[in-house]
Amino acid sequence: MKVDKKVISNLTKCYSIAPLKYNHEDYFLVAAEKTDRCLLFDLDGREKDTIWNEPGGVMSMVQVPGTNGQFLATHRFYSPNDSKDAEIVIVTPQTDGKWEVRTLVKLPHVHRFDIVERNGVRYLIACALKSGHEYKDDWSMPGKVYAAMLPKDLSGCHAGNQLSLTVIKDNMLKNHGYYRVKENGTDTCIISADCGVFQFIPPENQEGAWTVNQLLDTPASDAVLVDMDEDGEKELAVLSPFHGEKISIYKKQDGQYRQVYEYEKPAEFTHAIYGGSLCGIPALVVGHRKGGRNLILFTYNKEEKKYHSEILDKDCGSANVFHYVKDGRDILISANRETDEVAMYTISEQ
């Protein structure tokens with residue numbers, strides 16, 4: 001691939017990225033892991049607004065469907081050891097150009113969350129990395145996955161009237177990874193933890209229960225399903241273990257996922273992950289935050305029947321990546337946390 005890189009902003013410990021539809025235009029948000037700003041960019045990479053200056057601690061952001069610029073975000077998750085005050089907030093644009101921020105639900109150690117929909121009902125799914133700790137790097141209290149039906153009108157939600165959550169799976173040690181994947185037209189959630197990789201499927205109706213299927217029992221940090229070889233069935237791409245150095249691809253054989261590929265080099269502190277189309281080709285993009293701190297592209301060559309890798313960027317230390325297409329150009333936005341840069345990569349075939 002041909003890669004053109006442009007640094008569009010410098011943001012200390014930049015981390016979370018999310019698309020946002022606002023005033024009939026497409027934008028994207030980038031927010032910091034530590035105490036710093038949340039920024040709004042247009043799709044050309046121009047900085048358009050500052051949503052907030054603090055408190056930061058943003059692990060996830062997602063637009064509330066059908067709204068004009070309203071979104072949810074995590075606040076005050078600064079690290080696994082400094083996240084007991086974490087919460088999910090509602091962010092709403094105001095007529096005076098300012099942005100209102102108020103609490104949806106206080107949830108200690110909430111790391112990833114999303115809004116998914118099935119049969120017209122919206123659900124919030126929230127993943128807590130742990131349930132508590134008594135000292136630094138204490139992992140004795142495993143995380144949980146929570147869910148709730150999300151009201152279409154969030155105007156009544158605030159610190160004094162928080163959304164009520166239900167635990168749908170507990171004992172999720174190092175409950176880190178999340179990726180939304182569409183399966184048979186339904187939103188599903190790929191969640192990774194020390195006990196493996198799971199697919200959470202929303203209920204068929206409001207009275208129903210979530211379906212939880214274990215895809216793999218390998219300790220994992222992040223994972224995504226993507227049909228890289230285009231045989232009609234998605235492969236499972238896995239980063240392992242927690243903040244680990246392995247990048248692997250699994251194929252379903254005899255009803256079980258079996259490893260068919262492993263990246264030949266250690267990729268220390270794997271973190272960023274994207275699975276989907278890139279220049280019309282099924283692709284996996286992974287960033288790691290230690291060692292070479294590379295941004296790596298994986299594709300499948302049908303003639304050779306092999307997976308291939310190539311380096312898109314070196315020494316950048318990506319925490320998260322976001323892909324979109326504008327004017328026929330494939331663009332990756334990367335929150336290069338280790339170099340404090342928000343980078344735009346325009347990617348094309350050689």
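- Using bins of under 30°, 30° to 60° and over 60° for the plane-to-plane angle, the ring pair F298/Y261 lands in the perpendicular bin.
- Checking E235 against Y307 by side-chain atom types alone, a donor-acceptor pair falls below 3.5 Å.
- Ion pair R37/E47 flagged as a salt bridge, since at least one NZ, NE, NH1 or NH2 atom sits closer than 4.0 Å to an Asp/Glu carboxylate oxygen.
- Counting heavy atoms from C-beta on, the side chains of L124 and I88 come closer than 4.5 Å.
- Rounded to the nearest 0.5 Å, atoms CG (L163) and CD1 (I90) are 8.5 Å apart.
- Under the 3.5 Å distance criterion, with hydrogens and angles disregarded, no donor-acceptor pair is assigned to the side chains of N205 and N119.
- Here H288 and H271 keep their ring centres 6.0 angstrom or further from each other.
- Separation of atoms CG (L239) and CG (L284) is listed at 7.5 Å; rounding is to 0.5 Å.
- Aromatic ring centroids of H323 and Y274 lie under 6.0 Å apart.
- At a threshold of 4.0 Å, the pair E54-K34 does not count as salt-bridged, since none of the basic side-chain nitrogens sits closer than that to a carboxylate oxygen.
- The pair R46-D44 meets the salt-bridge criterion, with a side-chain N (NZ, NE, NH1 or NH2) lying under 4.0 Å from an Asp/Glu carboxylate O.
- Checked for salt-bridge contact, K106 and E87 meet the test: a charged N lies under 4.0 Å from a carboxylate O.
- Checking each of L312, V321, T339 against S334 for a side-chain contact (heavy atoms from CB on, under 4.5 Å) leaves exactly one that passes, namely V321.
- A donor atom on one side chain and an acceptor atom on the other are not found under 3.5 Å apart for Q162 and H158.
- Using a 4.5 Å cut-off on side-chain heavy atoms (C-beta onward), V58 and Y15 make no contact.
- From I115, atom CD1 reaches atom OG of S60 across 11.0 Å, with rounding to the nearest 0.5 Å.
- Looking at D231 and K251, a side-chain N of the basic residue comes within less than 4.0 Å of a carboxylate O on the acidic one, giving a salt bridge.
- Between H133 and W139, a ring centre-to-centre spacing not shorter than 6.0 Å is recorded.
- Under a 4.0 Å N-O distance rule, the pair K302/D229 does not qualify as a salt bridge.
- The existence of a salt bridge linking K182 and D187 is confirmed by a sub-4.0 Å separation between a basic side-chain nitrogen and an acidic carboxylate oxygen.
- P19 places a side-chain heavy atom less than 4.5 Å from the side chain of F322.
- Under a 4.0 Å N-O distance rule, the pair R293/D313 does not qualify as a salt bridge.
- A side chain to side chain donor-acceptor pair (under 3.5 Å) with Q199 holds for exactly one of N213, T188, T211; it is T188.
- One finds no salt bridge joining K2 and E349 here, because no Lys/Arg side-chain nitrogen approaches an Asp/Glu carboxylate oxygen to under 4.0 Å.
- S248 and Q259 make their closest contact through OG-OE1, 3.7 Å (heavy atoms, listed as atom of the first residue, atom of the second, distance).
- Here R180 pairs with D114 in a salt bridge; the nearest charged N to carboxylate O distance falls below 4.0 Å.
- Salt bridge status for R102 with E100: present, with a side-chain N to carboxylate O gap under 4.0 Å.
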**Report entry** Chi angles and distances behind the salt bridge (charged side-chain N to carboxylate O under 4.0 Å, His left out) call for D26, K21
**Finding:** CA-CA 5 Å; D26 290 314; K21 189 82 171 183; 3.4 Å; yes
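- Between the CG atom of L332 and the CE atom of M1 there is a distance of 10.0 Å, given to the nearest 0.5 Å.
- Looking at Q253 and Q256, their side chains never bring a donor and an acceptor atom within 3.5 Å of each other.
- In this structure the side chain of D222 never reaches within 4.5 angstrom of the side chain of T270, judged on heavy atoms.
- Counting only heavy atoms from C-beta outward, the side chains of Y263 and I296 approach each other to under 4.5 Å.
- The shortest distance between side-chain heavy atoms of C189 and I125 falls below 4.5 Å.
- To the nearest 0.5 Å, atoms CG (L29) and CD1 (I333) are separated by 12.0 Å.
- The shortest distance between side-chain heavy atoms of L72 and V64 falls below 4.5 Å.
- The structure places OG of S221 at 11.0 Å from CD1 of I247, a figure rounded to the nearest 0.5 Å.
- With 3.5 Å as the limit, one finds no donor-acceptor pair spanning the side chains of N184 and T186.
- Y324 is listed as a side-chain neighbour of L43, based on a closest heavy-atom distance under 4.5 Å.
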Query raised in the report: So K48 and E25, salt bridge (charged side-chain N to carboxylate O under 4.0 Å, His left out) or not? Walk me through it.
Result: CA-CA 12 Å; K48 307 300 289 187; E25 299 288 340; over 6 Å; no
